[in-house]
Number of protein chains: 2
Amino acid sequence: MIRGDGGRTIRAILDRICNKWTLLTVATLDAGALRFTELHQQIPGISQRMLTLTLRHLEHDGLVSRTAYAQVPPRVEYALTPTGKSLIPPALALAGWAIEHVPHIEANRALHQTPPE
Amino acid sequence: MIRGDGGRTIRAILDRICNKWTLLTVATLDAGALRFTELHQQIPGISQRMLTLTLRHLEHDGLVSRTAYAQVPPRVEYALTPTGKSLIPPALALAGWAIEHVPHIEANRALHQTPPE
DNA sequence: CGGGATCCAGCGCGATACTG
DNA sequence: CAGTATCGCGCTGGATCCCG
């Protein structure tokens with residue numbers, strides 16, 4: 001199924017959600033709508049640029065909705081759309097796998113002692 | 001769960017398996033052990049270099065085993081380890097999601113008509 | 001507060017050529 | 001057959017400045 005189309009499909013997701021921040025942003029929004037600054041604070045390492053880009057891509061792909069309130073202090077809220085929420089379970093599956101196996105992987109890595117240089 | 005650790009876990013998998021070829025290579029090996037050239041042919045767009053690098057990383061992480069036969073025509077076979085195989089179901093879940101939603105996503109993209117410039 | 005624009009570093013990745 | 005070595009480009013992503 002994964003490579004039935006020569007990898008086009010899997011590549012398509014990877015290109016969309018497997019970049020550095022997308023999945024993390026979606027996961028963060030899973031808890032509920034958040035404002036720009038809140039997101040920026042809840043995703044530790046992200047830069048404001050990448051948050052903006054990520055949100056715009058997600059919005060563009062219909063995974064996240066953007067609601068701007070025309071108030072004096074600008075207030076913009078981001079939330080997951082149904083499609084966005086549907087990403088959570090598979091993402092969780094992957095995360096579950098990671099939690100289970102990453103330690104084993106890192107143990108393996110350590111064994112080989114990849115000389116950093 | 002995903003971001004319970006600030007994203008470290010999810011980032012860890014992304015860094016390992018979400019690069020351009022890893023998941024695809026694992027998926028290809030799911031069918032059984034393959035030789036270098038066979039892999040190279042079964043993964044359409046991949047270059048020798050990336051196949052080598054990907055396999056070495058996978059081997060390093062304990063997801064793929066490498067068996068070299070010291071024969072006159074060198075013969076090397078790659079196969080998934082149990083850990084590698086365990087990646088298949090979550091990967092399939094993600095692929096399933098993609099197959100279901102990517103069309104919708106692309107429809108959304110088309111709507112917005114991202115001006116290429 | 002919520003971003004857009006710009007500059008710059010790193011490296012992911014492909015093409016090519018060479019080796020055992 | 002199964003790689004390794006080198007080069008170079010393009011994209012990702014961080015830092016910074018600026019604007020409504």
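What you are looking at is a predicted structure, and each value in this text was computed from that prediction instead of being measured. Below, each value reflects all heavy atoms present in this structure, side chains not excepted, and no hydrogens, waters or symmetry copies. The sequence lines fix the lettering, A, B, ..., with proteins before strands; numbering per chain opens at 1.
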Inset, instruction - Identify whether any heavy atom of P73(A) sits under 4.0 Å from a base atom; if not, whether one sits that close to sugar-phosphate; answer base, sugar-phosphate or nothing. - result: nothing
Legend entry - Distance below 4.0 Å between R35(B) side-chain N/O and dA2(D) OP1 or OP2: yes
Legend entry - Gap between atom CZ of R56(A) and atom CG of L58(A) - 0.5 Å precision: 12.0 Å
Inset, instruction - May I ask you to evaluate whether Y78(B) reaches the phosphate of dC1(D), defined as a side-chain N or O under 4.0 Å from OP1 or OP2? - result: no
Inset, instruction - Tell me what T52(A) touches on the nucleic acid: a base, only sugar-phosphate, or nothing, going by heavy atoms under 4.0 Å. - result: sugar-phosphate
Inset, instruction - Round to the nearest Å and state the distance from E77(B) atom CD to dG3(D) atom P. - result: 12 Å
Inset, instruction - Establish, with yes or no, whether the OP1 or OP2 oxygen of dA2(D) is under 4.0 angstrom from a side-chain nitrogen or oxygen of T37(B). - result: yes
Legend entry - Minimum-distance nucleotide to R49(A) side chain [options: dC7(C), dG3(D), dC7(D)]: dC7(C)
Inset, instruction - Provide, to the nearest angstrom, the distance between the CG atom belonging to L24(A) and the P atom belonging to dG13(D). - result: 12 Å
Legend entry - Nearest-angstrom distance from the residue atom CD of E38(A) to P of dG2(C): 8 Å
Inset, instruction - Check every atom of dG13(D), dC13(C), dA2(D) against the side chain of V76(B) and return the nucleotide holding the closest atom. - result: dA2(D)
Inset, instruction - Starting from the 5' end of DNA chain C, give me the residue, P74(A) or L53(A), whose nearest nucleotide shows up first. - result: P74(A)
Legend entry - Check: dT4(D) base within 3.5 Å donor-acceptor of R56(B) side chain: no
Legend entry - Whole angstrom value for the distance that separates P of dG3(C) from CG of L34(A): 13 Å
Inset, instruction - Round to the nearest Å and state the distance from M50(A) atom CE to dG2(C) atom P. - result: 19 Å
Inset, instruction - Output yes when K85(A) and D30(A) qualify as a salt bridge under the 4.0 Å nitrogen-oxygen rule, no when they do not. - result: no
Legend entry - Atom-pair distance (CD1 on I46(A); C1' on dG3(C)), nearest Å: 13 Å
Legend entry - Check: G62(B) main-chain N/O paired with T81(B) side-chain donor or acceptor under 3.5 Å: yes
Inset, instruction - Would you give the length of the straight line joining atom CH2 of W97(B) to atom CG of L94(A), rounded to the nearest 0.5 angstrom? - result: 12.5 Å
Inset, instruction - Return the set of residues passing side-chain hydrogen bond (donor to acceptor under 3.5 Å, both in side chains) with T22(B) (not counting sequence neighbours), or none when no residue passes. - result: N19(B)
Inset, instruction - Let me know the distance between CH2 of W21(A) and P of dG13(D), rounded to the nearest Å. - result: 9 Å
Inset, instruction - Check whether the side chain of Q48(B) and the base of dG14(C) form a donor-acceptor pair under 3.5 Å. - result: no
Inset, instruction - Quickly work out the Q41(B) CD to dA2(D) P distance and round it to whole Å. - result: 10 Å
